[in-house]
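Reviewing the structure listed below.
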Amino acid sequence: MIPNNTILTDYFGRNHNYLRISLIEKCNLRCTYCMPAEGIALSSKKDLMTADEVFVIAQTFVNNGVNKIRLTGGEPLLRKDFPEIIEKLTQLETEISITTNGILIDRHIDVLKQFNVKKINLSLDTLVPTKFNTITLRNQFEKVIDNLHLLLNNEFKVKINVVLIKGFNDNEIIDFINLTQFLPISIRFIEFMPFAGNEWDRSKMVSQSEILDKLSAHFSESNLEKLEDEKNFTAREFKIKNYFGSFGIISSITNPFCDGCNRIRLTANGKIKNCLFSNSETDLLTPFRNGEAIENVIALAIKNKKKVRAGMTTLEDVDNPVLNQDNRSMITIGG
């Protein structure tokens, strides 16, 4: 038996206190960087974690040191038992947050307020309605914007996730940052990452250095402020002087933050992914349903985590489709 105090620590000394749980593989958008154009084969309902299973498995992680849980999808608010899951998880007395595309926020905002789930990451890749339709294949832009303001009017702490794709929305970087002039939000620019079926290549990616070059050309150097990064950061944080909000850059490809990674992912069908880039998974749900203790399963999954990007240590590795496409589609991993 592996001692409790080492279950969530890998061989590189990284302690994993942040659990991201995907609740569902379905989504009401079809973002092209997330879901393959031909769609995916979804897990059957019986193979997905129930609300009780989500709670008990999460409790095991919390008992071993997890103090932050993020609920993702697909779109987590599509789960019909989402209120039940939230109610159960808040019994764990750990920080609960969600990542959502925002379309169903108005239906669930009272539940979020009731259980004090105040940190919301909202996915929004463009401020242009026609481009929103192009990338999501759905006409829901106004709904998302309305729900963004609903969250802000109810004093939620909102981060907006923007996946940048060259030639599509990289000309909106300044527009997004200008939202922070008057709104208490954090914009998070995310480098386009490879997943199965999303036709990734590095020429489509907008790197951290390219983002900063665009900013330097628009804002004076004295107005661009580097903020202190959070412990175990993914986003390197900045703001424009005297702007109300801030922005960050998540550069998983060109400037990874693997040394301080504290994240572990649990897919909707109960598989541990110890890295977003990893093609290996550890089945947690089957031993759990068999009544077996799962602490050792968790520990071995953590111990097997590679030092950098699931073993893709160089940009040449990342460019290799044999490596970068040997993974799930993003929609079945969880944001």
Side-chain angles (χ1 to χ4, degrees), residues 16-24 27-28 51 54-55 58-59 61-62 65-125 140 143-162 176-177 179-190 227-235 237-239 243-248 250 262-266 334-335:
H16 297 73
N17 64 325
Y18 182 8
L19 176 64
R20 301 171 75 100
I21 304 175
S22 175
L23 297 183
I24 192 170
C27 187
N28 43 9
V54 168
F55 170 71
Q59 186 176 45
F61 278 94
V62 171
V66 161
N67 56 19
K68 182 177 181 180
I69 294 173
R70 177 173 294 278
L71 301 178
T72 70
E75 171 49 49
L77 299 183
L78 283 173
R79 278 279 297 238
K80 293 179 180 178
D81 56 357
F82 179 81
E84 177 186 352
I85 292 171
I86 285 291
E87 182 177 8
K88 288 177 180 294
L89 290 178
T90 52
Q91 299 172 32
L92 299 178
E93 298 183 355
T94 189
E95 179 184 309
I96 307 292
S97 57
I98 69 168
T99 295
T100 174
N101 59 35
I103 293 171
L104 299 177
I105 281 291
D106 53 316
R107 297 188 194 178
H108 292 281
I109 194 164
D110 289 339
V111 170
L112 297 173
K113 290 166 64 175
Q114 178 183 353
F115 295 107
N116 199 35
V117 179
K118 302 293 285 186
K119 292 185 176 181
I120 309 294
N121 280 23
L122 184 70
S123 298
L124 179 64
D125 300 311
Q140 295 283 358
K143 183 71 169 178
V144 174
I145 296 300
D146 288 346
N147 279 335
L148 166 61
H149 288 289
L150 179 64
L151 288 169
L152 295 176
N153 291 339
N154 282 273
E155 299 182 338
F156 283 78
K157 186 174 181 179
V158 178
K159 294 179 179 179
I160 296 180
N161 290 342
V162 184
F176 272 107
I177 289 178
L179 290 180
T180 70
Q181 183 172 4
F182 302 109
L183 296 178
I185 57 177
S186 174
I187 305 295
R188 293 154 63 89
F189 297 116
I190 302 172
L227 302 179
E228 182 178 352
D229 296 322
E230 298 176 355
K231 183 181 180 182
N232 306 117
F233 70 89
T234 56
E237 302 286 347
F238 303 83
K239 77 185 306 291
Y243 278 28
F244 205 35
S246 61
F247 67 96
I250 299 178
N262 66 337
R263 292 154 186 80
I264 186 166
R265 287 174 164 80
L266 185 63

Calculate, to the nearest 0.5 Å, the distance between atoms [atom1] and [atom2] belonging to [X] and [Y] respectively.
X: Asn147; Y: Arg107; atom1: CG; atom2: CZ; answer: 10.0 Å
X: Asn161; Y: Ile250; atom1: CG; atom2: CD1; answer: 6.0 Å
X: His108; Y: Ile98; atom1: NE2; atom2: CD1; answer: 8.5 Å
X: Asp81; Y: Leu23; atom1: CG; atom2: CG; answer: 8.0 Å
X: Lys157; Y: Ile185; atom1: NZ; atom2: CD1; answer: 13.0 Å
X: Lys80; Y: Ile24; atom1: NZ; atom2: CD1; answer: 9.5 Å

For the side chain of [X] and the backbone of [Y], is there at least one donor-acceptor N/O pair under 3.5 Å apart?
X: Arg188; Y: Ile160; value: no
X: Asn101; Y: Ile103; value: yes
X: Thr180; Y: Phe244; value: no
X: Glu237; Y: Glu230; value: no

Student check: side-chain heavy atoms of [X] and [Y] closer than 4.5 Å:
X: Asn121; Y: Thr100; answer: no
X: Ile109; Y: Lys113; answer: yes
X: Arg20; Y: Thr99; answer: yes
X: Ile264; Y: Leu266; answer: no
X: Ile69; Y: Phe61; answer: no
X: Leu104; Y: Leu78; answer: yes
X: Asp106; Y: Lys143; answer: yes

Least distance between heavy atoms, [X] atom then [Y] atom:
X: Tyr18; Y: Val66; result: N-CG2, 4.3 Å
X: Gly65; Y: Asn17; result: O-CB, 3.5 Å
X: Ile21; Y: Ala58; result: CD1-CB, 4.0 Å
X: Ala51; Y: Arg79; result: N-NH2, 3.6 Å
X: Gly74; Y: Pro76; result: O-CD, 3.6 Å
X: Lys119; Y: Ser97; result: O-CB, 3.2 Å

(message) With side chain to side chain contact (heavy atoms under 4.5 Å, CB included) as the criterion, how do Leu77 and Ile105 come out once you've worked through the C-alpha distance, each side chain's angles and the decisive distance to 0.1 Å?
(response) CA-CA 8 Å; Leu77 299 183; Ile105 281 291; 3.9 Å; yes
(request) Test Leu19 against Val62 for side chain to side chain contact (heavy atoms under 4.5 Å, CB included), laying out the working first. (result) CA-CA 9 Å; Leu19 176 64; Val62 171; over 6 Å; no
Which donor-acceptor pairs under 3.5 Å do side chains of residues 84-92 form with protein atoms, sequence neighbours excluded?
| from | atom 1 | to | atom 2 | distance (Å) |
| --- | --- | --- | --- | --- |
| Lys88 | NZ | Asp52 | OD1 | 2.7 |
| Thr90 | OG1 | Ile86 | O | 3.1 |
| Thr90 | OG1 | Glu87 | O | 2.9 |

(request) For the residue pair Phe247 and Phe238, categorise the inter-ring angle as parallel (less than 30°), tilted (30 to 60°) or perpendicular (more than 60°). (result)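 Phe247 vs Phe238 ring planes: parallel.
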